[in-house]
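Below is one structure, written out as C-alpha cells, with a few remarks after it.
Computed from a predicted model, the values in this text were never measured in an experiment.
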Amino acid sequence: MSEEKSLNFLEEIIEKDISNGLKTIQTRFPPEPNGYLHIGHAKAITVNFSLADKYGGKTNLRFDDTNPVTEETEYVESIKNDIKWLGYNWDAEFYASDYFDTLFEYAVKLINKGLAYVDDSTSEEIAELKGTPTTVGTDSPFRNRSVEENLKLFSEMKEGKYKDGEKVLRAKIDMSSPNMLLRDPIIYRIKHAHHHRTGNKWCLYPMYDFAHGQSDSIENITHSICTLEFVPHRPLYDWFIEKLEIFPSHQYEFARLNLTYTVMSKRKLLQLVNEGFVSGWDDPRMPTISAFRRRGYTPESIHMFCEKIGVARRENLIDVGLLEFCAREDLNKKAARTMVVLDPLKLIITNYDKNSSEILKGENDPANPDDTRDVHFSSELFIEREDFMEIPEKKWFRLAPGKMVRLKNAYIVECENFIKDDAGNLTEIHCRYIPESKSGSDVSGINVKGTIHWVSAKHAVDAEVRLYDRLFTEENIAAAEGHFSDYINPSSLIEVNAKIEPALLNAKVGEHFQFLRKGYFCVDKDSTSQKLVFNRTVTLKDTWVKKSK
RNA sequence: UGGGUUAUGGUGUAACGGCAGCACUACAGAUUUUGAUUCUGUCUGUCUAGGUUCGAAUCCUAGUAACCCAACCA
C-alpha cells in the first residue's frame, strides 16, 4: 500500500466531475502565435497534458489566432517544435481561425436574440461611456437598434463596407456591472488585415472573449485551464455559452509562473530581443523553451521542474535555483565527464621526459568505471588558473608551493616552483610527479586531499566556451523600481577560449557534457568544423566558493 | 471610494475539525581520484484580532496585505 499522493486543486475538480458522471476529459493548450513559448508556457502545457493523460483524456493544440496584425506563421512553427521537444503529443491541431464562419453565425444568433448590437461610436467614446471601476457606465446611443438594422449593419461590416474602427459589434449585457468586462464588451472589430491562415477572406475578427470559450465549446473541451488574470472573464465566458446554447465548457484558473531574476511577459521578452539585450529568442539567457534547449536543459529537467513547483491559485515567485537543481539532477545522470580548462595556466612536470607522452584512461561516468576514453598525458599540461594559490588560504586542497594534488585520471604531482612574468602574472607552475601514483595502479601510499582537472598542452584543442549567468541582477524584477532593463546583468555572458581534450572533437550539436569540476555544458549550434562552441548550462554546486567568501 | 482573487518556514507545495508533512535553499557531519554525486542530521512556518469547539491552518466575525480588472490585445 503506497501513500496516496495529494491532489492539486484541478485534479480534485476533475475527480469530482468524474464521480458526478463525466465520462472523458478534454483539455487544450491555446497559445497565441505572436511570440515564442517560455517556461511559464511549459507549466501550462504540463498542466494541460498531464491532467488529460492522468484521467485518460486528450489535449488539443489550438492556436488562438484572432488578431491578424500580431500573429505570424514563424511563431506557429516554433511553438509546435517546442511542444514536441518537451515530449508532448497533441491530439488535434486547431486554429481559432478554423471557426471564423461558425463564430460569425454565433454573432448573428446573438443579434437575433437581441443580445448584440452594432455600435458606431469611436474607440474614445466607447471608453468614455464605459465608466470606471467605481462609476457605472452609460448606454451607447446605438444600443437599441433593431435586430434588422443590426443584422444589416453587421453583414455590411463583413462585406467590407466600413473602415477599421468605424463600427464594432458589442454584446448587450449590463453597462452598470461592477465587472468591467460585462459592460457591453466588443465582440467583433473591423481589421482590414491579412491573416496568416485565412488570408484576405475576412475584414472583421472576433475578440478573445468571443472566440476562446466558443472554440472550447466547439472542441468539447471539458476543462479549459488558463491563468488567473482571466478570472474576471469567466462570467463572460459562461454568458456566451449560455446564450448561444452550446456545449458547456468550463474555465478554471491557476497562478502563472514567476521566476526570480527573470522577466516572463511576451512584451518584455520581445523588447529584450528587439533592443539587442540578447541575440534572439533562443539566446541561452532567455527564459524561452528554445533558449533552454540551446543552453542545454533537457525536457526531463523541465518536466521535473514543473512537477516540483506544483499548481495552485496563489501568486508565486519560484527560485530560479530550483530550475538549476533540476538541470543538475538530470544532467548528472546523462552527461559524460570530460576535462576542459577554462582559464589555462601552464604546468610543467620537471621529472617527466619532454619528448614522451602516454595514453591514460579517462572516466566518462563515475557510476560506471568501465566506461572510459583515451586521455593524453605529457610533460606540459594546462591546469585551471584558479587551482593554484601562491599563498594558500586555510583548508586549501589544491595546488600551492610544496603542496601535492592528484591530477584526475593521472598522477599525483607536487609543486616545486612557479614562474611569473615581469608584470607579476603567473606563467608557469613547475611540479614533479610521482610515477608510482598512476590512477588505477597507485602504489605510492600517498593520500592527497585535492584532485584537479587538466589537459595535455600539446594535445589540447582550442574551443570557445560561453559562460552564462542570470540575465538580471534583481531577484524580483516586477517589484523593483524603474525599468527592467536597469537590472541587466553586465556579466550574464562571458566568452572564454578554453583548452579541451581532443576526444571532444567528435561532439555533436546539443550533446551534453560535464566539464569536470566546472559544470554542465552543451555544444552550441554556432560550432563550426574549425571551432567548437560550448554553452554552460549550469555550474556544479560549489560549497567551496561559498565557504571561502 | 467598485468588483474579483489569494494569504502555511527564505522559496514552493500538502494537511479538507484530530501529531503542521514534502521538496528546494541554508547549515553541520560521513563517504569521495570532481570541494560534484551519494548518505545522515539540523534550523526555520499557519497574515492579525476576536469567536465557535474537548480540539482550528481548516469553521464564524472583523481587520490587514498582495495581485488582477477601465486594449477595437490574448
Side-chain angles (χ1 to χ4, degrees), chain A residues 5-8 12 30-32 34 64-67 69-71 96 119 122-123 126-127 130-137 164-165 167-170 177-183 185-191 204-205 207-209 211-212 226-235 253 255 260 266-267 307-319 321-326 328-329 332-333 337 339 363 366-367 395-398 405-410 412 437 439-440 442 447-453 478-479 514-519 539-548:
Chain A
K5 193 174 178 295
S6 56
L7 303 175
N8 66 48
E12 284 185 359
E32 183 189 10
N34 69 345
D64 232 336
D65 56 351
T66 57
N67 186 359
V69 304
T70 57
E71 295 153 5
D119 196 332
T122 64
S123 179
I126 289 174
K130 194 164 233 169
T132 70
T134 51
T135 58
V136 297
D164 287 12
K167 285 181 166 44
V168 292
L169 185 70
R170 293 229 257 168
S177 170
N179 182 342
M180 298 297 288
L181 292 160
L182 261 25
R183 321 249 260 227
I186 293 168
I187 58 180
Y188 263 97
R189 76 293 213 192
I190 297 170
K191 277 182 193 281
L204 79 175
Y205 294 90
M207 297 286 289
Y208 166 84
D209 285 306
H212 197 97
C226 60
T227 47
L228 242 27
E229 63 268 28
F230 291 96
V231 169
H233 292 252
R234 190 176 349 117
E253 312 86 9
T260 56
K266 274 191 204 170
R267 206 194 87 250
E307 171 78 20
K308 283 185 184 297
I309 59 176
V311 54
R313 282 173 69 87
R314 80 183 81 126
E315 289 294 327
N316 59 78
L317 179 62
I318 310 279
D319 187 346
L322 180 62
L323 186 53
E324 294 169 350
F325 165 82
C326 293
R328 291 187 188 108
E329 185 85 349
N332 179 46
K333 293 178 296 196
R337 272 55 173 173
M339 296 195 287
E363 196 178 62
K395 299 195 79 175
W396 178 255
F397 297 165
R398 286 117 90 159
V405 290
R406 156 79 60 187
L407 296 173
K408 176 73 181 176
N409 300 317
I412 291 172
S437 67
S439 281
D442 184 352
N447 257 324
V448 292
K449 270 294 235 226
T451 300
I452 64 173
H453 61 282
Q514 185 194 101
F515 292 180
L516 222 63
R517 308 203 304 131
K518 299 312 297 181
T539 59
L540 256 30
K541 194 172 153 188
D542 189 343
T543 48
W544 170 250
V545 169
K546 274 182 288 198
K547 270 187 200 163
S548 57

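- Counting heavy atoms from C-beta outward, A:Val231 and A:Arg313 have side chains that approach closer than 4.5 Å.
- When side chains are defined from C-beta on, A:Leu407 counts as touching A:Ile452, because their heavy atoms get closer than 4.5 Å.
- The separation of B:C19 from B:A57, taken at their P atoms, amounts to 10 Å, rounded to a whole angstrom.
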Nucleotide-level pairing of RNA chain B, given in dot-bracket where Watson-Crick and G-U pairs need both distances under 3.5 Å and | marks other strands:
.((((((..((((....[..)))).(((((.......)))))....(((((..]....))))))))))).....
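- Of the residues near RNA chain B, A:Gly310 and A:Arg313, the one whose nearest nucleotide (by heavy atom distance) lies more toward the 5' end is A:Arg313.
- Remark: the backbone N or O of A:Met207 is not paired with any side-chain donor or acceptor of A:Thr66 at under 3.5 angstrom.
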Show me the protein contacts with nucleotides 41-46 of chain B, counting only N or O atoms at under 3.5 Å.
none

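- Residues passing the salt bridge (charged side-chain N to carboxylate O under 4.0 Å, His left out) test with A:Asp119 are A:Arg170, sequence neighbours excluded.
- One P atom belongs to B:G17, the other to B:C24, and the distance between them is 30 Å to the nearest Å.
- Only the P atoms considered, B:A15 is 24 Å distant from B:U25, to the nearest whole Å.
- With sequence neighbours left out, the ring pair (Phe, Tyr, Trp, His ring centres under 6.0 Å) criterion links A:His212 to A:Tyr208.
- Shown here are the side-chain contact (heavy atoms from CB on, under 4.5 Å) partners of A:Asp65, two or more places apart in sequence or in another chain: A:Pro33, A:Glu71, A:Tyr95, A:Ala96, A:Ser97, A:His195, A:His196, A:Arg197.
- Nucleotides B:U37 and B:U11 have their P atoms positioned 24 Å apart, rounded to a whole Å.
- Checked against side-chain contact (heavy atoms from CB on, under 4.5 Å), A:Leu322 has the following partners two or more places apart in sequence or in another chain: A:Phe305, A:Lys308, A:Ile309, A:Ile318, A:Phe325.
- Contact annotation: the side chain of A:Asn409 approaches that of A:Met339 to within less than 4.5 Å [non-hydrogen atoms, C-beta and beyond].
- B:G3 and B:G10 have their C1' atoms separated by 34 Å, with the value rounded to a whole Å.
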What does the B/S/- profile of nucleotides 67-74 of chain B look like, 5' to 3', with a 4.0 Å heavy-atom cutoff to protein?
SSSB-BSB
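- Take A:Val69 and apply the side-chain contact (heavy atoms from CB on, under 4.5 Å) test, not counting sequence neighbours, and it matches A:Asn67, A:Lys191, A:Ala193.
- By the 6.0 Å contact criterion, CD on A:Glu229 is enclosed, its count of non-hydrogen atoms from other residues, nucleotides or ligands being greater than 12.
- Against the 90° criterion about 0, the sugar-base torsion of B:A49 places it in the anti range.
- A:Glu32 meets the side-chain hydrogen bond (donor to acceptor under 3.5 Å, both in side chains) test with A:Asn34, A:Thr70; sequence neighbours excluded.
- Using atom C1' as the reference point in both B:U44 and B:U1, the two lie 41 Å apart (nearest Å).
- A:Ile309 places its CD1 atom 12 Å from the C1' atom of B:C24, with the value rounded to the nearest Å.
- Not counting sequence neighbours, the partners of A:Thr134 by the side-chain hydrogen bond (donor to acceptor under 3.5 Å, both in side chains) test are A:Thr132.
- One can place CZ of A:Phe325 at 15 Å from P of B:C22, the figure rounded to the nearest angstrom.
- Taking a cutoff of 4.0 Å between a charged side-chain nitrogen and a carboxylate oxygen, A:Glu253 and A:Arg234 qualify as a salt bridge.
- Taking 4.5 Å as the limit, some side-chain heavy atom of A:Trp544 sits within range of a side-chain heavy atom of A:Arg398.
- At a threshold of 4.0 Å, the pair A:Asp442-A:Arg406 counts as salt-bridged, since one of the basic side-chain nitrogens sits closer than that to a carboxylate oxygen.
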Identify the pairs formed between an N or O of the protein and an N or O of nucleotides 31-38 of chain B at a distance under 3.5 Å, and give each distance.
from: B:U33; atom 1: O4'; to: A:Thr451; atom 2: OG1; distance (Å): 3.4
from: B:U33; atom 1: O2'; to: A:Lys408; atom 2: NZ; distance (Å): 3.0
from: B:U33; atom 1: O2; to: A:Asn409; atom 2: N; distance (Å): 3.2
from: B:U33; atom 1: N3; to: A:Ser439; atom 2: OG; distance (Å): 2.3
from: B:U33; atom 1: O4; to: A:Arg406; atom 2: NH1; distance (Å): 3.1
from: B:U33; atom 1: O4; to: A:Ser439; atom 2: N; distance (Å): 3.2
from: B:U33; atom 1: O4; to: A:Ser439; atom 2: OG; distance (Å): 2.4
from: B:U33; atom 1: O4; to: A:Gly440; atom 2: N; distance (Å): 3.3
from: B:U34; atom 1: O2; to: A:Gln514; atom 2: OE1; distance (Å): 2.9
from: B:U34; atom 1: O2; to: A:Arg517; atom 2: N; distance (Å): 2.9
from: B:U34; atom 1: N3; to: A:Gln514; atom 2: OE1; distance (Å): 2.5
from: B:U34; atom 1: O4; to: A:Arg337; atom 2: NE; distance (Å): 2.4
from: B:U34; atom 1: O4; to: A:Arg337; atom 2: NH2; distance (Å): 3.0
from: B:G35; atom 1: OP1; to: A:Arg517; atom 2: NH1; distance (Å): 2.7
from: B:G35; atom 1: O3'; to: A:Thr543; atom 2: OG1; distance (Å): 3.4
from: B:G35; atom 1: O2'; to: A:Asp542; atom 2: OD1; distance (Å): 3.4
from: B:G35; atom 1: N7; to: A:Arg398; atom 2: NH1; distance (Å): 2.7
from: B:G35; atom 1: O6; to: A:Phe397; atom 2: N; distance (Å): 2.9
from: B:G35; atom 1: N1; to: A:Lys395; atom 2: O; distance (Å): 2.9
from: B:A36; atom 1: OP1; to: A:Thr543; atom 2: OG1; distance (Å): 2.9
from: B:U37; atom 1: O2'; to: A:Asn332; atom 2: ND2; distance (Å): 3.0

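- With contacts defined as side-chain heavy-atom distances shorter than 4.5 Å, the pair A:Pro235/A:Asn179 qualifies.
- Here, B:U40 and B:U32 have their C1' atoms 15 Å apart, quoted to the whole Å.
- Considering only heavy atoms from C-beta on, A:His453 comes within 4.5 Å of A:Lys518 through its side chain.
- Rounded to a whole angstrom, the distance from the C1' atom of B:C27 to that of B:U5 is 37 Å.
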Any protein N or O atoms within reach of nucleotides 7-11 of chain B? Criterion: under 3.5 Å, listing atom names and distances.
from: B:U8; atom 1: O4; to: A:Arg314; atom 2: NH2; distance (Å): 3.4
from: B:U11; atom 1: O3'; to: A:Leu317; atom 2: O; distance (Å): 3.0
from: B:U11; atom 1: O2'; to: A:Leu317; atom 2: O; distance (Å): 3.1

